[in-house]
Amino acid sequence: MTELVAGVDSSTQSTKVVVVDADTGAVVRTGRAAHPDTTEVDPRVWWDAFTEATAGLLDDVRAIGIGGQQHGMVALDSAGEVVRPALLWNDTRSGKAAEQLVGELGGPRAWAEAVGSVPVASFTVTKLRWFADNEPGLADRVARVLLPHDWLTWRLLGGGEPVTDRGDASGTGYFSPAEGKYRQDLLGLAFGGRTPKLPRVLAPAEAAGRTPDGVLVSAGTGDNMAAALALGLDEGDVVVSLGTSGTVFGVSETAAADPTGIVAGFADATGRFLPLACTLNAARVLTATAAMLDVDLAGLDRLALAAEPGAGGLALLPYLDGERTPNLPDAAGSLHGLRRTNMTPENLARAAVEGMLCGLAAGLDAVREHGITVRRVLLIGGAAQSEAVRAIAPIVFGVPVTVPEPAEHVARGAARQAAWALSGAARPPAWSEDAALNLPAGDAALGAELRQRHLDVRELVHDLSTTTGEDS
Ligand SMILES: Nc1ncnc2c1ncn2[C@@H]1O[C@H](COP(=O)(O)OP(=O)(O)O)[C@@H](O)[C@H]1O
Ligand SMILES: O=C(CO)[C@@H](O)[C@H](O)COP(=O)(O)O
C-alpha cells in the first residue's frame, strides 16, 4: 500500500505543504497559508499558518519534515516562551553589528575559516549581537536560541529536546560546517558572553521523534537545502531560486570558505556542502514594479516582453529592501539611464526583470569561482513562473535554463527527507525525474553586455570598498 509523507515550506511569505507518495514523490495534496509582510514575526504566526495550511491534509500521513526560511533568530526563555518576535533573515537592522563582529574576530577571512561564511545582517549571529546591545534586559532572559524550522519541529513534536540539522545550523554563524560542530566561543562573542542552549544537530536521515499522534518527524532543514534535496542536483546543475530572496547554489563535496563574503559556505541536507550566494531582492522587485505600473504580474510580463533587450538603456539596481549581496544593508534601489525617449512602462518592466536577474548572474560567477560547474541553471521559486523571467533568464545567465515542475521544491525536499527518515535507508528515496521546461542559452554577447552594464552602474552608484570583503 502507498505510504504518504508530508513536507512543509515555512518561508518568508507563506507556508506551503505537499503530501506525496513516499516511493515515487508524486504530489497528491497541497495546502498553503500566507505570512505577514514584516521582518520580525512572532513564531506563533508560523504555527497558525502551518495549522491552516495542513488542515485536513495529514490524517493518513506517516512522516513529515519541515523546511524553513534560514537564519531567523527565535529566542526562548527558560519556560520555552518566545522572548521577543523573531528577527528574520531580511531584517537589516544588524548591519552595523555584523561589521563589528567581523572586525572583532580579526576580519572576514577569520570568519570564513571559522564558520565557512562572513556574517552579514542576515546571519543569526549578528542578530544576537544587535539584541544584546539594544535590548539587554530581554537578552538576559534568553535560555535557548532556535531557527524557524527548529522551532516548528519542536512545536510539532509537542516539546522535548529541540533539534536542528547541519544545513540550517550552517546559516547561524556559530556552527562550523567543515567540522560539524557549534562554535560556542562565537555565540558568546556575539551575545555579550551569554551562551544560551542550542538545538542538537541531527544526522541527515535521523528522525527528530514522533508527534503526539505518532507521525514520524524528520530533522527538517533550511529552505534552500530542502530545495537542493528535492531536485537531487547533478554535477553542473546550479539552482537559481527567485522567492523573496534570490539564491544561487550547487552541491559540493568540499566546504567553501569565501573571505569576500559573497559565497556562504553552507552545509546541505545530505552530508555534503551547499555554497550559496543570496540577494535580498528577487520576486518582490517584480511585484513592486507591477504595483508601480498599476498592472498585475501577467501584465508586467507583457510589458517587459514588449520592450527591447536592454530596456532602451534603463538599468535598475533593485536594492529595494536594502541588499545583502553586495553587502549594502542600508541601500535603496536606483534607476539609471533615464531619457525622455526611454521612459516607458515597457522599459521599466524590462529593467526590473533584467536588474533582478543580473544580481543573480553575479552570484553565478561567484559560485563558479568556488569550484561549482555551471552547466545549466534550474530555475525555481515563485518568480520562476513569470513568462518574462523565463524569456530573459537564459540571456542574462548565458547557459541553458530548466524550469522543473511541479513548483513547490522546498516542501517536496522536506517530504523527501521525511520519506528518507521513514525508510531507514542509506540514501534518500530515488524519486522519478520531474517534468521540466528546458530553455536553451540565450544570446551570449547580449547577456554579457547586460551583466557588464549592471556592474558599471553599481560601481557608479555604490562604493563597495567599504562593504565586507577581503579587499576592503
Ligand atoms: N507569475 C509570477 N510572476 C512573478 N512573480 C510571481 C509569480 N508567481 C508568484 N510570484 C511571486 O513569487 C513570490 C513568492 O515566491 P516564493 O518562492 O513562495 O517566496 P518565499 O519562499 O520567499 O515565501 C511572491 O513575491 C509572488 O509575487
Ligand atoms: O537567507 C536566505 C539564504 O541564506 C534566504 O534564502 C532565506 O532562506 C529565505 O528564503 P525565501 O523565503 O526567500 O525562499
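In listed order, ligands and their atoms are each counted from 1. One-based numbering along the sequence shown. What you see below is based on every heavy atom in this structure, not just the backbone, and it leaves out hydrogens, waters and symmetry mates. Since we're looking at a predicted model, the values are computed, not measured.
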Between [X] and ligand 1, which part of the residue brings a heavy atom under 4.0 Å of the ligand: side chain, backbone, both or neither?
| X | answer |
| --- | --- |
| L297 | side chain |
| T244 | both |
| K16 | side chain |

Provide, to 0.1 Å, the distance between [atom] and the closest protein heavy atom, together with that atom's residue and name.
| atom | result |
| --- | --- |
| atom 13 (C) of ligand 1 | A283 CB, 3.6 Å |
| atom 21 (O) of ligand 1 | S11 CB, 3.1 Å |
| atom 3 (N) of ligand 1 | S386 CB, 3.4 Å |
| atom 12 (O) of ligand 1 | G382 CA, 3.2 Å |
| atom 5 (C) of ligand 2 | S245 OG, 3.4 Å |
| atom 7 (C) of ligand 2 | Q70 N, 3.7 Å |
| atom 23 (O) of ligand 1 | Q13 N, 2.8 Å |
| atom 12 (O) of ligand 2 | T12 OG1, 2.5 Å |

Task: Test side-chain contact (heavy atoms from CB on, under 4.5 Å) applied to M73 and L128, step by step - done: CA-CA 7 Å; M73 180 195 77; L128 287 171; 3.6 Å; yes
Assess whether a salt bridge exists between [X] and [Y], defined as any Lys/Arg side-chain N lying under 4.0 Å from an Asp/Glu carboxylate O.
| X | Y | answer |
| --- | --- | --- |
| R129 | E104 | yes |
| R302 | E346 | no |
| R458 | E323 | no |

TODO: Please work out whether any backbone atom (N, CA, C, O) or any side-chain heavy atom from C-beta onward of V410 is under 4.0 Å from ligand 2, and answer side chain, backbone, both or neither.
DONE: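 Contact part for V410 vs ligand 2: neither.
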Task: Side chain, backbone, both or neither: the part of R324 lying under 4.0 Å from ligand 2 by heavy atom - done: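 Side chain only; the backbone of R324 stays clear of ligand 2.
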Provide the number and element of each atom of ligand 2 under 4.0 Å from a heavy atom of [X].
| X | result |
| --- | --- |
| H71 | 1 (O), 2 (C), 3 (C), 4 (O) |
| C278 | 2 (C), 3 (C) |
| F266 | 4 (O) |
| T247 | 6 (O) |

Task: Test log, rule side-chain contact (heavy atoms from CB on, under 4.5 Å), inputs R32 and T15 - done: CA-CA 5 Å; R32 66 187 299 143; T15 296; over 6 Å; no
Open item on the list: Geometry only, no angles: is D223 polar-contacting ligand 2 at N/O separations under 3.5 Å?
Closed with: yes
Task: Sub-3.5 Å N/O-N/O distance, W89 and ligand 2 - done: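 In this structure, W89 places no N or O atom under 3.5 Å from an N or O of ligand 2.
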Open item on the list: If you define the side chain from C-beta out and look only at heavy atoms, does anything of W420 sit under 4.5 Å from P204?
Closed with: yes
TODO: Mind telling me whether W46 and W151 have parallel, tilted or perpendicular rings, with 30° and 60° as the class edges?
DONE: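 Aromatic pair W151/W46 classed perpendicular.
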Open item on the list: Quiz question: by atom type and distance under 3.5 Å, do the side chains of W89 and T124 form a donor-acceptor pair?
Closed with: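 No, because no side-chain N or O of W89 sits under 3.5 Å from a partner of the opposite role on T124.
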Open item on the list: Using salt bridge (Lys or Arg N to Asp or Glu O under 4.0 Å), reason through R376 and D237 one step at a time and then give a plain yes or no.
Closed with: CA-CA 5 Å; R376 67 164 175 168; D237 288 343; 2.8 Å; yes
TODO: May I have the step-by-step check of side-chain contact (heavy atoms from CB on, under 4.5 Å) for R412 and D9, ending in yes or no?
DONE: CA-CA 8 Å; R412 247 176 124 234; D9 173 11; over 6 Å; no
Task: Closest contact, heavy atoms only, D223 versus S11 - done: OD2-OG, 3.3 Å
TODO: Would you check whether T287 has a nitrogen or oxygen atom less than 3.5 angstrom from a nitrogen or oxygen atom of ligand 1?
DONE: no
TODO: Using a strict cut-off of 4.0 Å, indicate which atoms of ligand 1 neighbour a heavy atom of G381.
DONE: 17 (O)
Open item on the list: Under a 4.0 angstrom heavy-atom cut-off, which atoms of ligand 1 come close to Q385?
Closed with: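 Those qualifying, in numeric order: 1 (N).
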- [ ] Take R390 and V403 through the side-chain contact (heavy atoms from CB on, under 4.5 Å) test and state the conclusion after the steps.
- [x] CA-CA 8 Å; R390 290 176 179 196; V403 188; 3.6 Å; yes
Open item on the list: Once rounded to the nearest 0.5 Å, what's the spacing between atom CG of L280 and atom OG1 of T92?
Closed with: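 Going from the CG atom of L280 to the OG1 atom of T92 covers 7.5 Å.
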